[in-house]
J.: 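Below are the structure tokens for one structure; questions will follow.
Just the heavy atoms: all of them, side chains too, but no hydrogens, waters or symmetry mates, feed the values below.
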Amino acid sequence: MYRIGQSSDIHQLVKGRKLILGGVHIESEYGLLGHSDADALLHAISEAIIGAMAMGDLGKFFPDNDPQYKGINSLQILDGVNDVMLKNNYQIVNIDSLIMIEKPKMAPHIEDMVNNIAKCLGIESNQVNVKATRGEKLGYVGRSEGVLAQAVVMLKKGDNNENK
């Protein structure tokens with residue numbers, strides 16, 4: 001049985017925070033505001049996995065009002081979601097994701113993002129796609145006020161030996 005999940009995550013860009021996307025620290029004078037490290041890409045992917053399993057949303061597993069998750073590295077969130085996925089006998093077929101950010105350019109960082117995601121999930125890098133686009137000066141993305149990340153994930157129910 002195959003299952004599809006999709007999700008979006010939005011975070012505000014502010015001075016004084018690190019810009020972390022796909023587990024990669026990207027040099028920028030602005031970073032993402034949030035309870036955790038605010039990695040919108042990993043949040044969207046994590047929630048898409050949860051959605052594909054019909055298990056609610058990210059807040060069910062990692063509530064943003066729980067002090068134990070204050071400042072958490074979102075790779076730890078993705079790892080926790082991966083544990084839930086494997087315990088429920090699912091495996092990832094593929095992930096397709098999109099980052100919408102005006103600046104800085106994401107192209108130099110995408111390979112590292114893909115490798116971080118694949119390593120965390122125990123899958124091949126060719127099962128993960130990350131792409132980016134600008135807001136072309138339109139809306140909150142175009143005005144560099146925030147970042148939007150989206151993800152679509154396909155899971156397969158069955159033997160998880162391939163993921164180990």
J.: Mark yes or no for whether His35, through its side chain, and Lys70, through its backbone, hold a donor-acceptor pair below 3.5 Å.
T.: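 Here the side-chain-to-backbone pair exists.
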J.: Tell me the salt bridge (Lys or Arg N to Asp or Glu O under 4.0 Å) pairs involving residues 144-154, sequence neighbours left out?
T.: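 For residues 144-154, and leaving out neighbouring residues, the salt bridge (Lys or Arg N to Asp or Glu O under 4.0 Å) pairs sorted by first residue read Arg143-Glu145.
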J.: Between Asp37 and Arg17, does any NZ, NE, NH1 or NH2 come within less than 4.0 Å of an OD or OE carboxylate oxygen?
T.: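 Answer for the salt bridge query: no.
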J.: For the CD1 atom of Ile92 and the CG atom of Leu121, what is their distance to the nearest 0.5 Å?
T.: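 If we round to the nearest 0.5 Å, Ile92:CD1 and Leu121:CG are 4.0 Å apart.
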J.: Determine whether Leu148 and Ser8 make a side-chain contact, defined as any pair of heavy atoms from C-beta on separated by less than 4.5 Å.
T.: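 SC-SC contact between Leu148 and Ser8 confirmed.
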J.: Count the heavy atoms of every other residue, nucleotide or ligand shown that sit under 6.0 Å from NZ of Lys131, and state whether that count exceeds 12.
T.: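 More than 12 within 6.0 Å, yes.
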J.: Using every non-hydrogen atom in the two residues, find where Ala52 and Gly5 come nearest and quote the distance to one decimal.
T.: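 Taking every non-hydrogen atom into account, CB-N, 3.5 Å.
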J.: Give a yes or no on whether Ile77 and Ile10 share a hydrophobic cluster (residues Ile, Leu, Val, Met, Phe, Trp, Tyr; joining criterion: side-chain heavy atoms under 4.5 Å apart).
T.: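 Per the 4.5 Å side-chain linkage, Ile77 and Ile10 are not co-clustered.
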J.: Would Val147 and Met100 satisfy side-chain contact (heavy atoms from CB on, under 4.5 Å), going step by step from the backbone distance to the final call?
T.: CA-CA 6 Å; Val147 170; Met100 291 181 232; over 6 Å; no
J.: Answer yes or no: is there a donor N or O on one side and an acceptor on the other, between the side chain of Gln150 and the main chain of Leu98, under 3.5 Å?
T.: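 Flag not set: sc Gln150 to bb Leu98 has no pair under 3.5 Å.
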J.: Go through Leu33 and Leu13 one step at a time and tell me if the side-chain contact (heavy atoms from CB on, under 4.5 Å) criterion holds.
T.: CA-CA 6 Å; Leu33 182 62; Leu13 282 163; over 6 Å; no
J.: Could you measure the distance from the CG atom of Asn82 to the CG atom of Leu75? Nearest 0.5 Å is fine.
T.: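 Separation between the atoms: 11.5 Å.
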J.: For Lys157 versus Asn88, what's the shortest heavy-atom pair and its separation?
T.: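 Closest approach of Lys157 to Asn88, heavy atoms only: NZ-O, 3.0 Å.
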J.: Within the structure provided, determine whether Ile117 and Leu41 are in side-chain contact (heavy-atom separation under 4.5 Å).
T.: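 A side-chain contact under 4.5 Å exists here.
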J.: Going through the distances and angles, do Tyr2 and Leu155 end up as a side-chain contact (heavy atoms from CB on, under 4.5 Å)?
T.: CA-CA 6 Å; Tyr2 292 92; Leu155 302 183; over 6 Å; no
J.: With a 4.5 Å cut-off on side-chain heavy-atom distances among I, L, V, M, F, W and Y, is there a chain of contacts connecting Met154 to Val130?
T.: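 No, separate clusters.
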J.: With a 4.5 Å limit on heavy-atom distance, are the side chains of Ile101 and Pro104 in contact?
T.: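 They are in contact (side-chain heavy atoms under 4.5 Å apart), so the answer is yes.
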J.: With side chains defined as the heavy atoms from C-beta onward, is the minimum distance between Arg134 and Lys103 less than 4.5 Å?
T.: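 Sidechains of Lys103 and Arg134: no contact.
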J.: Which pair of non-hydrogen atoms, one from Met53 and one from Arg3, has the smallest distance, and what is that distance?
T.: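 Shortest heavy-atom contact: C-NH2, 4.1 Å.
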J.: Using modelled atom types and a 3.5 Å cut-off, is there a donor and acceptor pairing between side-chain atoms of Glu47 and backbone atoms of Leu58?
T.: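 Side chain of Glu47 to backbone of Leu58, a donor-acceptor pair under 3.5 Å: yes, one is there.
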J.: CG/Asp39 to CG/Leu21 distance, rounded to the nearest 0.5 angstrom?
T.: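 If I round to the nearest 0.5 Å, the distance is 5.5 Å.
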J.: Is the shortest heavy-atom distance from the side chain of Ile20 to the side chain of Leu32 under 4.5 Å?
T.: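 Side-chain contact under 4.5 Å: no.
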J.: Considering all heavy atoms of both residues, which atom of Val114 and which atom of Ser125 are nearest to each other, and what is their separation?
T.: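 Scanning both residues, the minimum pair turns out to be CG1-O, 3.5 Å.
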J.: Rounded to the nearest 0.5 Å, how far does OG of Ser74 lie from OH of Tyr69?
T.: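 Taking OH in Tyr69 and OG in Ser74, the distance rounds to 12.5 Å.
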J.: Over all heavy atoms of both residues, which pair between Ile50 and Phe61 is shortest? Give the atoms and the distance, please.
T.: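 Nearest heavy atoms, Ile50 then Phe61: CD1-CD1, 3.6 Å.
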J.: Working note: Glu29 + Leu19, criterion side-chain contact (heavy atoms from CB on, under 4.5 Å); need CA distance, chi angles, decisive distance, verdict.
T.: CA-CA 8 Å; Glu29 72 177 292; Leu19 178 58; over 6 Å; no
J.: Examine distances only and state if a side-chain atom of Gln127 and a backbone atom of Val93 form a donor-acceptor pair shorter than 3.5 Å.
T.: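 Checked: pair present.
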J.: Do Leu78 and Val24 land in one hydrophobic cluster if side-chain heavy atoms of ILVMFWY residues count as linked below 4.5 Å?
T.: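 Yes, one cluster joins them.
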J.: Are a donor atom and an acceptor atom from the side chains of Glu124 and Asn126 found within less than 3.5 Å of each other?
T.: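 No, no side-chain donor-acceptor contact under 3.5 Å.
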J.: Quick one: CG on Asp9 to CG on Asp57, what's the gap to the nearest 0.5 Å?
T.: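 That separation rounds to 11.0 Å.
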J.: Kindly write out the residues that satisfy ring pair (Phe, Tyr, Trp, His ring centres under 6.0 Å) with His11, not counting sequence neighbours, or none if the list is empty.
T.: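 Result, ring pair (Phe, Tyr, Trp, His ring centres under 6.0 Å) vs His11: His43.
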J.: Report yes if some heavy atom in the side chain of Gln6 is under 4.5 Å from a heavy atom in the side chain of Val153; otherwise report no.
T.: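 Answer no - side chains too far apart.
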J.: Ser144 and Glu102: which non-hydrogen atoms are nearest, and at how many Å?
T.: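 Taking every non-hydrogen atom into account, OG-CB, 3.4 Å.
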J.: Between the side chain of Asn115 and the main-chain N/O of Glu111, is any donor-acceptor distance below 3.5 Å?
T.: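 The answer is yes, because a donor-acceptor pair under 3.5 Å joins these two groups.
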J.: Are the side chain of Asn116 and the backbone N or O of Gly22 linked by a donor-acceptor pair below 3.5 Å?
T.: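 The answer is yes, because a donor-acceptor pair under 3.5 Å joins these two groups.
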J.: Rounded to the nearest 0.5 Å, how far apart are OH of Tyr90 and CE of Met55?
T.: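 Here the rounded value is 8.5 Å.
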